[in-house]
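Encoded as structure tokens, the structure appears first; notes follow it.
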Amino acid sequence: MTRVDKILALCADGVRSPVQTAAAEMERTGKRAVGCMLEFCPEEIVYAADMLPVGLWGADIELREVKRYFPAFFCAPIQQSMELALQGAFDGVLSAVIVPILCDALKSAGQNWRIAVPEIPMIPVVYPQNRQIKAGQRFMESELREVKARLEQICGRPISEDALNQSINVYNEYRLSMQEFSSVASRHTDVITASARHNVFMNGFLRDKADYTMLVRELTSELKKLPEVKPRRAVALTGVALDTERVLRCMEENDFAVTADMLAQESLQVETLVPENGSALERIAAWWSNVRCSSLTLDEKKLRADKLVEFVSSGLADGIIVAMPAFCDPEEYDYPILCEALQQKGIAQIGLELSGPSGCEQACSRIQAFAEMFR
Amino acid sequence: MSEEKIKAKDMLNRLLDKHYEEAWEAKQAGKKVGWVSSNFPQEFLEAMGLTVCYPENHSTSLSAKHESMDMIAIAEKLGYSNDLCGYARVNLGFISKGDCESQKMPLPDYVVCSNNICNQLVKWFENVARVCDVPLIVYDIPFNNAYEVTPSRMEYMHEQIPYLIRRLEDVTGANWDENRFKEVMAISNECGKQWQRASKYFEANPSPMNGFEMFNYMALMVCARGRRETVEAIRLLADELEERYQAGETSFKGEPKYRIMMEGIACWPHLSHNYKTLKNSGCNLCGTVYTETWGRTYKDLDEMLRSYSVVLDNTNVDRSCDRRVNLARRAQVDGALIHMNRSCKAWDGILYEMERRLRSTLNIPTAMYDGDQSDPRCYAQAQYESRVQGLCEVMENKKKEAQT
């Protein structure tokens with residue numbers, strides 16, 4: 001087994017049972033953990049409090065208890081994460097959960113969590129729409145100050161400016177390491193398959209960032225020693241997450257390789273570095289104003305569509321897969337616009353609605369049909 | 001001047017027609033026409049003398065006039081999921097078609113929105129801006145996790161005003177007029193007061209009205225609450241209700257056996273079936289937070305902004321529940337009929353909790369039905385009838401228990 005194989009096996013193990021992975025990481029580092037629900041939580045503040053931020057992206061789980069809070073037609077990963085909490089999966093693991101208020105579903109996710117899971121304190125953070133003007137950045141900063149204060153209560157000590165800046169450094173280093181990995185991985189898709197790529201990204205949500213950055217750098221460096229390959233069917237992903245094992249496997253069975261992405265769970269997390277100037281919280285607020293191409297950030301020109309076209313016109317990918325969790329309205333609004341922009345350029349695309357492993361057969365059929373388009 | 005006394009309903013219809021006529025006249029004269037979200041602080045726009053239309057009002061109108069499905073079908077063909085807000089699908093379908101039968105509305109030269117109703121609105125208007133290739137201006141009114149509006153939210157709303165005005169001036173060419181703004185604030189306040197007066201009679205016991213009538217007037221509160229003529233129309237409504245109340249009369253046609261409150265946006269495509277089923281069961285609608293929300297009054301800019309911050313669906317679950325409980329108490333309702341409105345995620349996400357609080361705090365029965373504000377496919381008459389029947393049985397039993 002090569003070193004690359006070993007690192008990829010470790011990442012695959014980590015994803016198989018995210019809660020156990022986070023718990024093992026807590027034991028290894030002696031740190032407490034804070035859940036970060038879905039996209040764009042201010043993880044740097046958690047890390048500065050010497051706690052582990054753990055990404056909550058749902059799971060393959062039968063929905064029972066959560067039906068008391070949400071109708072069936074509600075964001076799949078939110079329902080799954082809350083079901084896990086209601087079934088006690090996070091007991092003894094999470095000291096708090098941060099809920100970023102980025103869409104309507106996340107608003108009620110936070111409110112319901114507070115009522116349904118009182119033993120795990122919920123820390124909300126509302127993101128401004130007008131994030132490019134000073135007023136928006138100041139509001140973002142005030143929300144981050146709130147998060148910091150709540151985390152200080154939980155960890156029982158103040159979070160210093162130094163700790164915050166160090167944490168930002170760790171995160172920026174992590175982002176750079178993932179950017180490089182993503183770029184190198186696109187030339188080694190025989191080894192970094194769709195699943196392997198996803199696993200490497202996902203482990204970033206489950207492990208200590210500083211340690212994991214070293215592991216990712218090692219992986220990238222080992223990959224560089226291998227011969228480069230050109231995949232038969234190169235696709236770029238966009239949307240929230242494409243994290244269903246069965247669907248990823250189906251992509252591999254149909255010779256699809258992921259050569260780029262704009263997924264909220266993957267590259268959008270690492271694409272934008274926290275800028276240099278100002279206090280630590282000002283810097284994180286400025287980071288939010290720089291995030292681009294997400295369905296959750298105000299974008300009157302829908303530049304996301306142009307960026308996807310660029311993926312293909314630059315030769316990075318041959319087609320686009322849009323991965324939307326079931327009942328995700330921000331993505332559902334963007335999808336027709338993306339379709340039209342891609343269609344105008346003659347770029348092949350499909351949209352996958354994903355509701356977890358139990359409902360992925362339709363997605364697999366669409367992938368098989370998509371493969372036909374590449375012949 | 002005619003001797004015949006004009007009725008509030010006629011005035012309402014006249015003013016709504018005028019609203020669209022003005023928009024068409026402006027368009028034909030080469031002036032810019034904007035589209036605005038319903039709970040946007042209209043005071044800013046009215047003060048600048050801008051001509052605007054309200055797509056939510058328009059979608060409501062098409063839905064009530066059974067024209068929504070045609071538009072929805074067009075939107076879904078364009079790739080919009082049937083999961084999305086019905087108003088948005090109707091509107092995006094309307095843009096694509098460029099026309100409709102019942103209520104014609106000019107396409108926008110710019111769009112303006114706030115997210116205090118929901119975040120979907122921003123996505124919807126973002127798409128309108130892209131499809132129509134017009135500028136989008138967002139006035140951000142952030143969600144309230146806490147019960148009260150925090151100082152940071154107030155600061156943010158204040159600090160955005162110069163940005164909002166500058167963008168409106170740039171896009172429309174109109175100028176900001178501080179004195180006119182104060183005038184519009186005063187008019188809007190008076191309008192809010194008259195709406196509160198009317199709402200008091202809507203909630204009164206015995207009720208002087210068929211509660212569904214209040215829905216009609218909402219359209220005017222959405223699109224013209226900063227205008228003097230709207231103040232007069234709503235004053236007339238309140239006067240009529242007062243008169244009926246004093247005379248012990250009511251416009252409710254059936255035998256009023258139960259007083260109910262309705263939760264959620266109206267199920268416009270099936271409003272007539274809703275109404276008839278309730279009327280035949282002796283249920284009169286005596287309160288809804290949906291209409292209550294337009295009774296906005298304030299003393300100054302600070303209070304005005306706060307009032308826009310605490311609109312429905314922008315408050316935390318405790319405040320949202322208290323609002324319902326207080327209304328139910330005020331209106332002395334026997335039960336609540338709750339619309340699980342497929343369109344409205346912001347509302348649906350806490351609907352089960354609100355139902356539990358209504359039941360546990362007030363010990364009143366509730367019934368929930370499936371429907372949609374625009375998509376007629378989400379509603380089943382039989383389900384609605386059986387839920388209303390079940391609600392009536394429990395309300396009846398409770399009445400009997402109370403008598404013994």
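Note that the structure is a prediction, hence the values are computed from the model and not measured. A, B, ... follow the sequence lines: proteins, then strands. Residue 1 opens every chain. Values reported hereafter were calculated over all heavy atoms of this structure, with side chains retained and with hydrogens, waters and symmetry mates removed.
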> Measuring heavy-atom distances to chain B, does Leu298(A) have an atom under 4.5 Å in its side chain, in its backbone, in both, or in neither?
Replying inline: both
> So what's closer than 4.5 Å to chain A heavy atoms on Tyr139(B): side chain, backbone, both or neither?
Replying inline: backbone
> What part of Leu102(A) is in contact with chain B, defined as an atom under 4.5 angstrom from a non-hydrogen atom: side chain, backbone, both or neither?
Replying inline: backbone
>> Please classify the contact of Tyr163(B) with chain A as side chain, backbone, both or neither, using a heavy-atom distance under 4.5 Å.
In response: side chain
> What is the ring orientation for Phe40(B) with Phe44(B), classed by angle as parallel under 30°, tilted 30 to 60°, or perpendicular over 60°?
Replying inline: perpendicular
>> Under 4.5 Å from any heavy atom of chain B, what part of Phe73(A) do you find: side chain, backbone, both or neither?
In response: both
> Hey, is Arg150(A) close enough to Glu146(A) for a salt bridge, meaning N to O under 4.0 Å?
Replying inline: no
>> Pairing donors with acceptors under 3.5 angstrom, does anything connect the side chains of Tyr308(B) and Glu43(B)?
In response: yes
>> Please identify which of these residues, Val99(A), Leu94(A), Leu84(A), meets the side-chain contact (heavy atoms from CB on, under 4.5 Å) condition with Leu56(A).
In response: Leu94(A)
>> Is Leu136(B) in contact with chain A via its backbone, its side chain, both, or neither, using a 4.5 Å heavy-atom distance?
In response: both
> Between Asn112(A) and chain B, which part of the residue has a heavy atom less than 4.5 Å away: side chain, backbone, both or neither?
Replying inline: side chain
> When you check the gap from the basic side-chain N to the acidic O, do Glu310(A) and Lys307(A) get nearer than 4.0 Å?
Replying inline: no
>> Counting heavy-atom pairs under 4.5 Å with chain A, which one of Asn127(B), Val111(B), Ile350(B), Leu78(B) comes out on top?
In response: Asn127(B)
> Pick from Asp318(B), Asp313(B), Thr150(B), Asn145(B): which one has the most heavy-atom pairs with chain A under 4.5 Å?
Replying inline: Asn145(B)
>> Please classify the contact between Arg153(B) and chain A as side chain, backbone, both or neither, with a heavy-atom cut-off of under 4.5 Å.
In response: both
> Who wins among Arg342(B), His158(B), Gln160(B), Arg356(B) for the most heavy-atom pairs under 4.5 Å with chain A?
Replying inline: Arg342(B)
> Below 4.5 Å, heavy atoms only, C-beta onward: do Val291(A) and Leu268(A) meet side chain to side chain?
Replying inline: no
>> With a 4.5 angstrom heavy-atom cut-off, is it the side chain or the backbone of Arg145(A) that approaches chain B, or both, or neither?
In response: neither
> Is Ile284(A) close to Lys148(A) at the side-chain level, that is, under 4.5 Å between some pair of heavy atoms?
Replying inline: no
> Highest number of heavy-atom pairs under 4.5 Å with chain B: which of Pro128(A), Ala105(A), Ala326(A)?
Replying inline: Pro128(A)
>> Looking only at side-chain N and O atoms, does Ser374(B) offer a donor or acceptor that is under 3.5 Å from a partner on Arg89(B)?
In response: no
>> Heavy-atom pairs under 4.5 Å with chain B - which of Glu143(A), Arg68(A), Gln111(A) has more of them than the others?
In response: Gln111(A)
> Can Arg304(A) and Asp299(A) be said to form a salt bridge (Lys or Arg N to Asp or Glu O under 4.0 Å), step by step?
Replying inline: CA-CA 8 Å; Arg304(A) 182 183 173 193; Asp299(A) 178 8; over 6 Å; no
> Highest number of heavy-atom pairs under 4.5 Å with chain B: which of Glu340(A), Glu353(A), Lys302(A)?
Replying inline: Lys302(A)
>> If the threshold is 4.0 Å, N to carboxylate O, is there a salt bridge linking Lys345(B) and Asp348(B)?
In response: no
> Given that the side chain runs from C-beta out, which part of Val128(B) has a heavy atom under 4.5 Å from chain A: side chain, backbone, both or neither?
Replying inline: neither
> With a 4.5 angstrom heavy-atom cut-off, which part of Cys85(B) approaches chain A: side chain, backbone, both or neither?
Replying inline: both
> Can a donor-acceptor pair be found between the side chains of Tyr87(B) and Gln120(B) at a distance below 3.5 Å?
Replying inline: no
>> For the interface with chain A, which of Ala88(B), Cys118(B), Ala129(B) has the highest count of heavy-atom pairs at distances below 4.5 Å?
In response: Cys118(B)
> Checking Val317(B) against chain A: side chain, backbone, both or neither under 4.5 Å from a heavy atom?
Replying inline: both
>> Only pairs of heavy atoms separated by less than 4.5 Å count here; which of Ala109(A), Ala305(A), Cys75(A), Gly136(A) has the most with chain B?
In response: Gly136(A)
> What part of Trp347(B) lies closer than 4.5 angstrom to a heavy atom of chain A: side chain, backbone, both or neither?
Replying inline: neither
> Which answer fits Glu141(A), side chain, backbone, both or neither, if we ask what part of it has an atom under 4.5 Å from a heavy atom of chain B?
Replying inline: neither
>> Check this for me: does any side-chain nitrogen of one of Arg138(A) and Glu159(B) sit under 4.0 Å from a carboxylate oxygen of the other?
In response: yes
>> Pairing donors with acceptors under 3.5 angstrom, does anything connect the side chains of Ser343(B) and Asp375(B)?
In response: no
>> Under the criterion side chain to side chain donor-acceptor pair (under 3.5 Å), I'd like the reasoning laid out for Ser114(B) against Ser37(B): C-alpha separation, chi angles, the key distance, then a yes or no.
In response: CA-CA 7 Å; Ser114(B) 279; Ser37(B) 64; 5.0 Å; no
>> Checking Asp170(B) against Arg166(B) for the salt bridge (Lys or Arg N to Asp or Glu O under 4.0 Å) test, could you report, in this order, the C-alpha distance in whole Å, the side-chain angles of both residues, the deciding distance, and whether it holds?
In response: CA-CA 6 Å; Asp170(B) 287 350; Arg166(B) 196 175 61 247; 5.1 Å; no
> When heavy-atom pairs shorter than 4.5 Å are enumerated against chain A, which of Pro151(B), Ala75(B), Ser152(B), Ser320(B) gives the highest number?
Replying inline: Ser152(B)
> Using non-hydrogen atoms only, which part of Tyr335(A) is less than 4.5 Å away from chain B: side chain, backbone, both, or neither?
Replying inline: side chain
> Side chain, backbone, both or neither: which part of Ser142(A) has an atom under 4.5 Å from a heavy atom of chain B?
Replying inline: side chain
